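Note that the structure is a prediction, hence the values are computed from the model and not measured.
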Amino acid sequence: MTEVMTLPRYRLRRHRSANGSLWALPGYLVCYVLVIDVLAVVVTAFLLIEAPPASADLRMVLVIIGLGLINGEISRHVERVRRSFSDTPHVNLTSIWTVAAALLLSPGLAAAVVVVLYAHLWIRSWYQVRGVRPYRLTFSAATIVLACHAASAVQYLLGPRSLVTVAFPESVWGIPLVVVVFSAVNSGLVAGAIGLSKRTLEPVRIFGTWSANMLEFATICLGALAAILLDWKPLLVVFFLFALHVLHRGLVARQFEQTAATDPATRLLNANAWRAVTAKEFDRARRENAGLGVLVVDIDHFTQVNDAHGRRAGDLVLAAVAEVLRTEVGRYDVVGRFNGGQYAVALPDVHDEGIAEFSERVCERVRALRVPINDNEVVDGLSVSIGAARYPATDGGLDQLLLAADLAVFAAKDSGRDQVVVARQAASRHAAGARTSTRPGGPEPT
């Protein structure tokens with residue numbers, strides 16, 4: 001008999017942090033953060049001794065800091081809003097000025113630029129933003145400092161002069177190499193901290209979304225361009241300020257759109273967004289006389305998980321099942337979360353056999369899930385009931401198709417759970433039609 005159980009059964013351990021301090025984190029994460037912070041300080045001190053700043057660099061460091069502060073002041077309200085809504089690695093536009101500093105200044109002065117700009121970010125933009133703690137700020141600054149030092153090392157290996165003043169061919173491939181090294185060091189160090197903190201290997205959680213990474217890379221490229229302009233025609237960099245402000249505001253609009261369309265617990269589409277996207281697929285299927293499968297996936301006994309282990313455990317189970325669906329769907333399939341432990345999946349251009357195969361794979365993978373709640377507790381024994389319907393076998397619009405799949409889920413529950421029920425004949429306004437049931441191999445349902 002399938003049931004929700006834990007191995008071993010312990011009381012769910014509460015988060016130890018009352019004030020979000022560094023010392024409330026797990027020991028291994030504290031060590032990682034402190035090692036990176038100390039390493040940034042030690043390497044900077046060593047480079048200050050070995051390569052002391054030149055007096056000629058003082059004017060340039062003041063120009064870069066001034067531009068960074070002006071840009072930060074202009075966009076601080078926008079940055080505060082963006083930071084408040086960020087639940088993946090946050091990309092700020094400070095990298096434009098820190099990359100420029102790495103290319104134009106000695107390592108010690110580049111580190112000073114990072115410290116000043118990040119202190120300004122904390123005081124003027126991130127202070128009192130939920131979830132932003134001082135140790136996170138210092139760690140972020142430390143990763144940028146180390147990225148700057150890595151970029152400086154690339155320049156040193158390529159030649160004694162700054163790459164922005166070197167003619168072809170060194171600067172043509174040297175500057176892109178600096179950009180790649182800067183991005184790799186910064187992203188790698190941050191990804192390590194996130195992976196240890198969240199104890200996950202989910203790429204989007206560790207590295208952020210593809211669009212966020214492209215934004216970070218574009219920001220670093222703009223930093224290289226800013227360095228070239230500062231060395232060639234410094235006044236032209238003023239045009240950056242207006243362009244960056246417009247870009248920043250555009251990022252907020254995009255972030256609001258993504259937040260409005262995303263379910264926070266699973267990072268899938270929410271119900272409204274799923275309906276909007278699936279409606280377009282349904283219109284295309286009707287226009288081209290193609291097939292469209294709609295599945296409703298419901299976690300069996302989900303309320304027992306919440307009752308026995310708390311809402312946090314329920315959220316972890318929701319995310320685990322969502323990851324199963326995310327990895328099983330194809331490029332053009334649409335998956336979203338409706339409410340509670342219920343999900344919806346749209347499969348364009350699919351036949352009944354494809355629906356059955358997809359559903360049975362999902363059932364099998366969910367049955368094998370083991371969801372860690374903390375160091376001492378695991379939720380396993382999970383299962384899902386799946387109801388499916390396919391257009392044009394089911395008449396009517398998208399609502400009728402979804403109704404047929406929803407009624408099929410009830411049939412799967414009534415038949416014992418942990419199985420797939422497919423609506424076979426056209427649904428009317430009062431019924432979902434005849435259905436057939438397929439029970440994947442595995443433990444008997446409750």
Side-chain angles (χ1 to χ4, degrees), residues 36-54 56-58 60-61 63-65 67-68 71 89 91-118 121 138-193 207 213-232 234 237 240:
I36 298 302
D37 290 348
V38 172
L39 183 62
V41 173
V42 171
V43 172
T44 301
F46 173 78
L47 292 174
L48 280 172
I49 296 172
E50 293 295 317
D57 289 338
L58 295 180
M60 183 60 72
V61 73
V63 170
I64 294 176
I65 289 176
L67 289 170
N71 181 60
V91 178
N92 65 75
L93 304 186
T94 307
S95 295
I96 292 176
W97 312 112
T98 56
V99 171
L103 284 168
L104 292 171
L105 303 173
S106 63
L109 290 180
V113 170
V114 175
V115 171
V116 172
L117 295 185
Y118 270 77
L121 267 178
T138 56
F139 177 79
S140 297
T143 62
I144 295 294
V145 167
L146 292 174
C148 286
H149 292 336
S152 298
V154 172
Q155 287 206 96
Y156 178 80
L157 293 174
L158 294 179
R161 294 185 296 165
S162 172
L163 286 174
V164 299
T165 62
V166 175
F168 181 88
E170 289 87 349
S171 59
V172 172
W173 61 271
I175 291 178
L177 181 60
V178 167
V179 168
V180 171
V181 169
F182 185 99
S183 178
V185 172
N186 180 39
S187 299
L189 293 175
V190 172
F207 295 101
N213 280 279
M214 288 300 97
L215 172 63
E216 172 70 9
F217 197 73
T219 300
I220 297 171
C221 291
L222 286 176
L225 180 59
I228 295 172
L229 290 178
L230 282 169
D231 183 73
W232 177 49
V237 182
F240 262 61

**Prompt:** Roughly how far, to the nearest 0.5 Å, is the CH2 atom of W97 from the OG1 atom of T219?
**Reply:** 11.5 Å
**Message:** Working note: L109 + I64, criterion side-chain contact (heavy atoms from CB on, under 4.5 Å); need CA distance, chi angles, decisive distance, verdict.
**Reply:** CA-CA 11 Å; L109 290 180; I64 294 176; over 6 Å; no
**Request:** State the OG-CE distance between S106 and M60, to the nearest 0.5 angstrom.
**Result:** 12.0 Å
**Fill in**
Checking L177, V154, T98 against F182 for side chain to side chain contact (heavy atoms under 4.5 Å, CB included), the one that qualifies is T98
**Prompt:** Going by heavy atoms in the side chains, are L67 and L230 under 4.5 Å from each other?
**Reply:** yes
**Message:** Please identify which of these residues, V145, V41, L146, meets the side chain to side chain contact (heavy atoms under 4.5 Å, CB included) condition with I36.
**Reply:** L146
Below 3.5 Å, can you tabulate the donor-acceptor pairs from side chains in residues 44-54 to any protein atom, sequence neighbours excluded?
from, atom 1, to, atom 2, distance (Å)
T44, OG1, A40, O, 2.7
T44, OG1, H149, NE2, 2.9

**Item:** Sidechain-backbone polar pair: T143 side chain, S140 backbone, donor-acceptor under 3.5 Å
**Value:** yes
**Asked** Would you say V179 and F217 make side-chain contact, with heavy atoms under 4.5 Å?
**Response** yes
**Prompt:** Is there side-chain contact between N186 and I144, with heavy atoms separated by less than 4.5 Å?
**Reply:** yes
**Message:** As an exercise, state the distance from OH of Y118 to OG1 of T138, rounded to the nearest 0.5 Å.
**Reply:** 11.5 Å
**Message:** Please give me the minimum heavy-atom distance between V181 and A150, naming the atom from each residue.
**Reply:** CG1-CB, 3.7 Å
**Asked** Okay, side chain of Q155, backbone of V178: is any donor-acceptor separation there less than 3.5 Å?
**Response** no
**Item:** Validation row: V114, C148 side chains within 4.5 angstrom (heavy atoms)
**Value:** yes
**Complete:** For A110 and L105, the nearest pair of non-hydrogen atoms, with its separation, is N-CB, 4.2 Å
**Request:** For residues V99 and L103, determine if any side-chain heavy atom of one lies less than 4.5 Å from a side-chain heavy atom of the other.
**Result:** yes
